[in-house]
Amino acid sequence: MEQRRYEQWVAGGHFHASAESDKPPYTIVIPPPNVTGSLHMGHALDHTMQDALARRKRMQGYETLWLPGMDHAGIATQNVVERQLGEQGLSRHDLGREAFVERVWQWKAESGGAILGQMRRLGDSVDWERERFTMDAGLSRAVHTMFKALYDDGLIYRAERIINWCPRCLTALSDIEVEHTDDDGELVSIRYSDEVVVATTRAETMLGDTAIAVHPEDERYQHLIGTEVELPLTGRCIPIVGDEHVDPTFGTGMVKVTPAHDPNDFEIGQRHGLPSHTIMDERGVITAPGPFAGLDRYEARPAIVAALREQGRIVAEKRPYTHAVGHCSRCRTTVEPRLSLQWFINTSPLAKAAGDAVRDGRVRIEPAELAKRYFAWVDNMHDWCISRQLWWGHRIPVWYGPAGEVVCVGPDETPPAGDGWRQDEDVLDTWFSSGLWPFSTLGWPEQTPELATFYPTSVLVTGYDILFFWVARMMMFGLYAMDGRQPFDVVALHGMVRDEHGKKMSKSFGNVVDPLDWIDRFGADATRFTLARGANPGGDVAVSEEWCQGSRNFCNKLWNATRFALLNGAHTQGALPPATELSTVDRWILSRLARVTAEADEQFEAYEFAKVCDLLYHFAWDEVCDWYVELTKPLLAAGGAAADATRRVLGEVLDQLLRLLHPVIPFITDELWIALTGGETVMTAAWPAVDQALVDAAAETEIATLQRVVTEIRRFRSDQGLRPTQRVVARLDGLAGAGIAGHEPLIRSLVRLDAAGTDFQASAVLTLPGEVGVALDTRGSIDVAAERARLTKDRAAAAKEVGQARTKLDNPAFVGKAPEPVVQKIRDRLATAEADLVRIDAALEALSS
RNA sequence: GGGCGCGUAGCUCAGUGGGAGAGCACUCGCCUUACAAGCGAGGGGUCGCAGGUUCGAAACCUGCCGCGCCCA
């Protein structure tokens, strides 16, 4: 059912947005999933939110573009294809660069982008005609244009720096592609000389030491500054320098300095003009001459410790010693800080602008509290290493000439002619192209109608976990490339999807839920509703199968309610009858509908998806199904003009309710709406407008009273053990005083009370709030103990209320300082509770006599 | 080590100065003519702990305990 409906939506062109439309634009670009990826719960949550926003805006009359696509995931994709080659005993070098890249494209054509099909299952209303991929010609042109612009502005530079290096992927990584974990290691203290002892977790790097550093004001060691010490195992002599960044309280207060293998040491080296000795190759194998050459870094460590121990130089060892270790976010290999020549972006002016755009309110982060995290990142941004030693990606458009020339070519410039020119071997970080996504997908650098219409995008919906990875980069690039115009007006953040105990889903823990499995078993609507219902701004979402079942049950409830409506002639033909021709029940539900519509709008605008779902769930189930539908039964059975009006109102309420729910649960609402109204699709129906004229406080009060009376009678019946079907003869008194005189037939119908005849004998008398009396003839089967228990409980509640209210009112400070409405409210509460007490006491006394 | 955040019913979470809420789970009764994937009724919380501000604190402030995330 769902797939057929989806294809109809696509075929109907309902997802397509036109740049030539004169409607106001509303734009969302999808956070591009990885071309190697498949749909997981995180995507399902992210997409559900975006789809809900897009569908609502479409119904509101906006030219709504939700643009889909994927990124090329440089490292991940290259890994996949290299693994395939590996199975045939080949490496990418056997193929050569050109053939390898061809092979990757082939892989993409055959098995890339599985997620796109899965998005259809979820119901994503994306404009498939505008699907984009970061390696497409247009987007590649955007990348080259951006590179050239930044290069010409002096914001891109090439330098030898310590970077994060993955010895398995054989490429540089940016700071954010490194994940730190606390790992068990060892801390060994090595005596370099009688006076020089240093502690390190990386003994093997001592081969590359070029100094010892102490704090310049450390009195223990001041006299050593300027002297030299012999580096064990090497015979080299290295200086002792004073540097303020040494922590005198850590270990011995002396640190070894290995500028080529540690970022902090590199800086110390820069400050003191120390040489850098690289002692490992790109795979982490020791290259320093001597007995350790050829050993892997993890073999070299124990070997070197052993050699030092033999010389009696190991003076202390701590095992295990827990310390933070960086890992490649793609393959978990321990990152090796490595001195190498890379391309960088000078982020300071860009990050400043990215921070200011949020600070001055041009871009709003929802929820606002998360802006703090954003600032923490953009205000302390390091330069961004953008070169990767990969083949799959956008090759850096820089050419080197035979005479040492360096030329950056723009998108339309041909590479320099002549012999001896070669292009830079590296490609750009995938996030470089992802950073251009909000405008490269709209045609930039061309000035397309799409760019003019749909930029800036309206909202970016993504997880707080990539606020740094991606959002900050789009902000930097968008503001730079689009003349200071922000890439999006709002960033709506959500959290992670977790299991039913709030635990992170992980393969190793075995608690991963596949959204496609839920879609198969419970439907896309139930899956979406479960996620949306848990989606508080910026918060994680815990989900479980039971909750998805609950969502499925809700969809089923809607189906049954609509079935009831259709079986009873509900319709949406013609105008609503005027209020004067409507029953109180009809006026009440229309009033509630108006209020709920207003509230839903408010919550939607605030990206409060959980509140929208909660609101509509309770309105639909508690008010429409449990009360309104039940109340219409006697009205419809009575027939006549009133029944005709109710059929129209019932149709109206469901029509509007299905529209309100459509953004979150698109499939079933469309199915039911078409059946109810005969329309083409609810997708193109107008979003419900709030009609203030329908708000009817008097009707609401009346029905609230009716509900309280009915509930009290049901409570009595339940406590008395009267079966729901058992009809009881009863006399109702005081309805007029409570303002619900006209509703006696409704009340009798809902609680199955028959009219009192001539032989009526009351065996139980209830007095309800508002002086309503119910005298029931239970044919002597009254359970006195149960009734006494019930009344005693009610009395305790009323007495507690009286006590609390009195305490407040007896406090002169409260009466004197609290605002008058609050005091009045307490007075009212006291009066009500005191009246209840009198009533209940009378009933208890009657019971005893 | 630095920063951010959380601690409310059995579970997952709303609730930011004025009567402690929801879903699920639980108990009891029901095959009531839309729906047992349901209907009706009900039980359940010293709002982490200790101080403070206030007429009034789950909410605001301070400290402590416990947990999580990000960064180094």
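Lettering follows sequence order; numbering is per chain, from 1. Keep in mind it's a predicted model, so treat the numbers as computed, not measured.
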Please report the distance separating the C1' of rC55(B) from the corresponding atom of rU8(B), rounded so that it comes out in whole Å.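 It works out to 25 Å between them.
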Pairwise C1' distance, rG42(B) and rG56(B) [rounded to whole Å]: 32 Å
Option passing side chain to side chain contact (heavy atoms under 4.5 Å, CB included) with L631(A) (candidates V585(A), T646(A), I589(A)):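 Going through V585(A), T646(A), I589(A) one by one, the side chain to side chain contact (heavy atoms under 4.5 Å, CB included) with L631(A) is satisfied by V585(A) alone.
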Closest-nucleotide mapping onto RNA chain B: is H501(A) or V710(A) further toward the 5' terminus? I mean the 5' end.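 Of the two residues, H501(A) wins.
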Relative to the 5' end of RNA chain B, which residue comes earlier, R533(A) or A324(A), by the nucleotide with the nearest heavy atom?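 Result of the comparison: R533(A).
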Is [X] atom [atom1] crowded by more than 12 heavy atoms from other residues, nucleotides or ligands, each under 6.0 Å away?
X	atom1	result
W559(A)	CH2	no
E244(A)	CD	no
H323(A)	NE2	yes

Establish, with yes or no, whether the OP1 or OP2 oxygen of [N] is under 4.0 angstrom from a side-chain nitrogen or oxygen of [X].
X	N	value
K793(A)	rG43(B)	yes
H382(A)	rC71(B)	no
R498(A)	rU12(B)	no
K633(A)	rA34(B)	yes
H180(A)	rC70(B)	no
R723(A)	rC30(B)	no

Under 3.5 Å, is there any donor-acceptor pair linking the side chain of E630(A) to the base of rA34(B)?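 Looking at the base of rA34(B), it does pair with a donor or acceptor on the side chain of E630(A) (distance under 3.5 Å).
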Give a yes or no on whether a donor-acceptor pair under 3.5 Å exists between the nucleobase atoms of rG19(B), that is its base, and the side chain of E801(A).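 Pair found.
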Among [options], which is the nearest nucleotide to the side chain of [X]?
X	options	result
E546(A)	rA34(B), rC24(B), rG5(B)	rC24(B)
D626(A)	rC39(B), rC55(B), rA41(B)	rC39(B)
K557(A)	rG5(B), rG23(B), rA34(B)	rA34(B)
A561(A)	rU32(B), rA34(B), rG5(B)	rA34(B)
W621(A)	rA34(B), rC39(B), rG23(B)	rC39(B)

Taking atom types as modelled, is there a side-chain donor on Q824(A) or D828(A) under 3.5 Å from an acceptor on the other?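 A donor-acceptor contact under 3.5 Å links the two side chains.
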